[in-house]
Engineer: 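Below is one structure. I have some questions about it.
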Amino acid sequence: MNLMANILLNVLIAFLIGSLLFGLQRKVMARIQTRPGPPIIQHLLHTLKFFIKESSFPYTAAMPFYIAIASMLCAIWVSAVIVGPVIEGSLLLFFGIYALQKIVEHNAGSSSGSPYGKLSCVRAVFSAAAEVPLFAVLVIIYLQTQTMVISDIINYQAVNGPLIFTIPLAALMFFVLILSKSPYSPFAITKGKDIVSGYETEHFGVLRGYLMISESIAWYMLLWVFLTVFIGPLGILGYLVGMVAISVLIAFINSITPLLNPNHSIMVQITFAFIGIVGSLVLMLVM
Amino acid sequence: MIVPEVVPAITVSLFLPALYVALIVGFIALLGISFQKKDVHALILTDIVGVAMLIIVAAVGTDLAEALILPGLVVELAEIMAISEILMSREMRKTGKKVSFMPMPIKMDMEILKTAPNFLSLVLIVYGIFLTGFTGGAVAGVGILFYALARKSRGLPFQLWEGVSGISGVAWCIWLAGFLILFVAPEIWLLGLLMSSFGILLKVASKMGLIGVLGREEFKRN
Amino acid sequence: MDEITYLIYIISFVLGSVLGLLLSYKKYNQPFVTKKIDPVALIISIAGWFLVLNSALLFFLPSFVSISLGLFLVALVLGMRPGYGRYETVFGILISAVVWLALTII
Amino acid sequence: MDIATLGGQLLGQIPLGDIVLYLTPFNLFMFAGALIFTTLIAISRTETQVEAEFGSLNDNEVKVGLKEFKIRRFLAVVCGLATAGAMITGDVFNFTLLVALIGIVNIGIVSAVKQIDVLNAAFQYGLIAMIASLPLFGGAAIILASTGTLSILEIAQLSFTTPMMFFASVLLILGIAGETGIAPFYATKAEMFRTPGSPFILIIHLSSLLVIVRAIEILLIINKPF
Amino acid sequence: MNPLDFINLTTISAAVMFIGAAGIILLPKPLDKVIMFALLQGGFISTIVAARYLDVALVAAIFDPIATVILLMAIIKINEIRGKKAQEEDSSA
Amino acid sequence: MKLGRLWNSLANPKRIPRLFSIILGFILLTGFLIPMALNDNQLYPRPVPQEQINQGNPLAPYDRGGEVLKEPGIVISQYPENEPNLGKITSYLTPIAISVKNSTIYYGTSIYSSPGGLIDEILYYTRGFDTVLESTILMMAFVIASWVALNFTMRREEE
Amino acid sequence: MLEMQIWFYTGCALVILGTIGTVIGPGVKDPIVRILNTEIPAVGVSLIFLSYNHVLALLTFIAATVIITLILLRAVVRLEEMGAEV
């Protein structure tokens, strides 16, 4: 298959499945809280809706920047899809993409000039302190498998069994990272309802659409990376089942936990990271 | 053989003591910082942390190590400069006090400030030009600085300062051009070398001299 | 080519959901009816789940056609407005799962 | 070769004397990312922060003045270029110097503002940056002492890791952490983000995250766990 | 080996430096410290001379008075400021 | 909740440098437990200290051989293939430097710091990019400091 | 060789002594005293440079120390003049 078609295909799949998973998550959370909840399709419709709404830009915004940054987020996650499912490149590259994404996310907030966006931006910087150590899980994977290239990691797991059994603490760390990126999670301080919609507060119309598209792709990609590097070679059906399972699990967690205060959220995550890194290193030395 | 194949045994034997000294010094200074309540004291103590860094680099004992000391020094100097300025700016905003521009004249009739500056500065500048490069820049810079510090000619106008800054920008470009010549056109390496040396000299010296302008405003404004 | 098939599945699911949502708003005007089963939806749901899970039985259709058709029908019920289509879906899953189990085990 | 298992196939080298820059897909992506953001910053204007005033119904607008804007944009562009350089450099000492440059420029970007809290954060960050120059350059020097080379390409071809190299890389990572203000030290940094001038603040964050990712690559090259 | 051999420029300048260092640390008044600092610098310069790098010694010798002058000016200035503050407090009290 | 209090206090900017320095201090101390030694196979090695000055070499301590504009000096660099003129800068002396060299043996440092010489070779030629950076660092620091000084600390009365 | 070792160890001793003096020496509550004490480690480092024959670095370091001292003193004097409690 030609590369461009492959990329397009994967991006579309990522977007649609990501949105459906978000919808599913909302539904599950609603049911746990004994509300009827919106249909599963809701998140997708919500995203598409923004493309036919009028776009307006706040007059206080930092102009070309404010628009470019939202489109940038999209581009970044599309490149994540390219690195991940399409060419199965280096995990380090994925790490870099995650870092860039973090920046875009926080500056989407601050470039609008809204106080809520600004607060969300400050919190995003803060939360990066916790998420970057969590991403160090990739280093543990490297130490275990001796490679950073995704296709080699898959081969390694085909031979030696899933990594989740050999480095469970790393898998736990990555799970916390995924948890922190999910909506309504205890660690979602950047989008807490106390600051309206966080960094998305001042994005309307097309820009909001971009942001939501990239969020969906991001969710898909995080789950994809988790399943790929910890569970091993899977068919597409396997990925689907895994993603649904993780989404439902996270929905359970999110619906029963409160939003933490920013400092505490960071420190809880750092504690997890610390336990995870030290624990996995110790486990590796022992085994 | 003028240059040995490997590092001489004596340098190797001195590495460990030097490294340990650096570690001890670093530890003491860092501990000092961590127990410091006042910001300005922490700033002074970071100077010593820099000293520990220089010892570690010097302990390698090769020509390369010597070339690496210079960046370390420069970084240290530059950061102290910028941070002390930020500290002052912060305190000014905090106290909200306008420091009177012309407070108490200093009654200081030190002989050295009347007779020596011209001579000392001249020696330093000439010697700095002879040295060229970073070292020359630093030496000549201190010369300019001392001149500015001690001379009574106060009120060096704003434009002049900007002019001096401009020189250093141009000098930086000269150095860059020299650097490029060394790689792009290796045949005329001599020109590149001279451009680099004098570019850096001008740059460092003019920058150091700027401190003198800052300092003179403090010390000699009667 | 695998991915194209899955893309078609997803799209048919999405289209089904959208259509189901629209239809359900047209059809039902009470909000959130808990204990009532709509026979039409029940039939659609059972048909859909049957197609999805037992596509091997329908040898005259290529499996991806039957599955995408099935997913469309499944989504039509699953995607209804809040409070509707839940029991129908459960029945659909149960019946077709029983059929599937019976066929695989026997 | 280790570099290939980390960042993908080696695409090319740019030799500048002893300092050889090398390009893998990973380095190239990060380099391009840093450059794109730098261009974006260079052409953007800043936002206006609107806050409600206490005790009245008026809004309070916080803007970036023209002079402040110019200097901060200049510093931000320099910071972006330094980050881009740090992504492709192939020399440990060169990398540390770029990190030091990023550190000082970051301080500069926030030092031009007027809020006391922000200035305080900038000062504390500056203190960390200065302290961090000890482990940063010290770590590089210990790597030089133990391997006899600073070029990452040469270090990648060594077949062993001594405890000394490990110690040096611990120092190096601490130094980078301090200089760029990552990980637990974000608390000083987060305060600095309250000031207006979103595009310039972006570069502070961008540089620290990209540099830490790159640092992980370098450290994995220096330390061969197997 | 003759113990008197140990009395040469190197050892003497080392001793001078140690005295200077001890003086700087232990003496309480800043002005005394500046004098001891000159002693330290003197020892240092003679060490360089013992190493026979005369040009370096020359530069160090030029920088010595400059450093001293800077220190002196700062101390005088700060004493002045402190004196003035004390006066103000007295007059206000 | 005590833990929460502690976590909150850790986020105070003023504590961070102190925390960082104490952690760094203890990590430095672990250096004593690690076996360390200088690898003697280094780039750009130099002769035994004081050796050249004891021989009465007027270029001490930076004499690395070579003849001005004729024969390159001896420099062991990392990638000699990238440096066609390796060693030439080391051996280069300006005319003034040559006259100084002929008159006294105690000015080796000054001679080798004037254009040409070992440090110039390393700083400008083999590791030129480093020097670009370090002079940039210096320039940036001065830009920052002078900007702050000009706009805040010096000319406050104009605000 | 002996001379070189004397310089080296004198330098080490001065650096350590000076650092201790700067951190916990008598009267270091006064910033001026503290800055004066930092001159001792500076001289110690110069000696270490000298014993390794890093003469050019030594030259630069001497000049840079003077400038750093000036900067620090300027900061201290200014802060004192403002009456800032830092």
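What you see is a predicted model, and the numbers here were worked out from it, not measured in a lab. Below, read A as the first sequence line, B as the second, and so on, with proteins coming before strands; counting in each chain starts at 1.
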Engineer: Below 4.5 Å, heavy-atom pairs only: which of G:Ile35, G:Val66, G:Asn37 has the largest tally toward chain B?
Structural biologist: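 Heavy-atom pair counts peak at G:Ile35.
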
Engineer: Would you mind checking if B:Arg90 and B:Glu85 are paired as a salt bridge, meaning a charged N to carboxylate O distance below 4.0 Å?
Structural biologist: no

Engineer: Give the table of side-chain donor-acceptor pairs shorter than 3.5 Å for residues 64-78 of chain B, with sequence neighbours excluded, one pair per line with atom names and distance.
Structural biologist:
{"unit_1": "B:Glu66", "atom_1": "OE1", "unit_2": "F:Arg46", "atom_2": "NH2", "d": "2.5"}
{"unit_1": "B:Glu66", "atom_1": "OE1", "unit_2": "F:Tyr62", "atom_2": "OH", "d": "2.8"}
{"unit_1": "B:Glu66", "atom_1": "OE1", "unit_2": "G:His54", "atom_2": "ND1", "d": "3.4"}
{"unit_1": "B:Glu66", "atom_1": "OE2", "unit_2": "F:Tyr62", "atom_2": "OH", "d": "2.4"}
{"unit_1": "B:Glu66", "atom_1": "OE2", "unit_2": "G:Leu56", "atom_2": "N", "d": "3.1"}
{"unit_1": "B:Glu66", "atom_1": "OE2", "unit_2": "G:Ala57", "atom_2": "N", "d": "3.2"}
{"unit_1": "B:Glu76", "atom_1": "OE1", "unit_2": "D:Ser133", "atom_2": "OG", "d": "3.2"}

Engineer: Among the options B:Ala42, B:Ser13, B:Gly32, B:Ala18, pick out the one with the most heavy-atom pairs lying under 4.5 Å from chain G.
Structural biologist: B:Ala18

Engineer: Are the side chains of B:Leu14 and G:Tyr52 in contact, using a 4.5 Å heavy-atom criterion?
Structural biologist: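 The answer is yes; the side chains approach within 4.5 Å.
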
Engineer: Examine whether an atom of B:Leu54 lies under 4.5 Å from a heavy atom of chain G, and if so say whether it belongs to the side chain, the backbone or both; otherwise answer neither.
Structural biologist: both

Engineer: Please report the closest heavy-atom contact between B:Ile44 and G:Pro31, naming both atoms and the distance.
Structural biologist: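 It is CD1-O, 3.9 Å.
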
Engineer: Which of the residues B:Val51, B:Ile24, B:Ile33 is involved in the greatest number of heavy-atom pairs with chain G at under 4.5 angstrom?
Structural biologist: B:Val51

Engineer: Checking G:Ile48 against chain B: side chain, backbone, both or neither under 4.5 Å from a heavy atom?
Structural biologist: side chain

Engineer: Which one of G:Ile40, G:Val33, G:Leu17, G:Thr38 satisfies the side chain to side chain contact (heavy atoms under 4.5 Å, CB included) criterion with G:Thr22?
Structural biologist: G:Thr38

Engineer: Does any heavy atom of chain B fall under 4.5 Å from the side chain of G:Phe61, the backbone, both, or neither of them?
Structural biologist: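 Both parts, backbone and side chain.
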
Engineer: Give the member of G:Ile62, G:Val76, G:Thr19 that has the highest number of heavy-atom pairs under 4.5 Å with chain B.
Structural biologist: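 The candidate making the most pairs under 4.5 Å is G:Thr19.
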
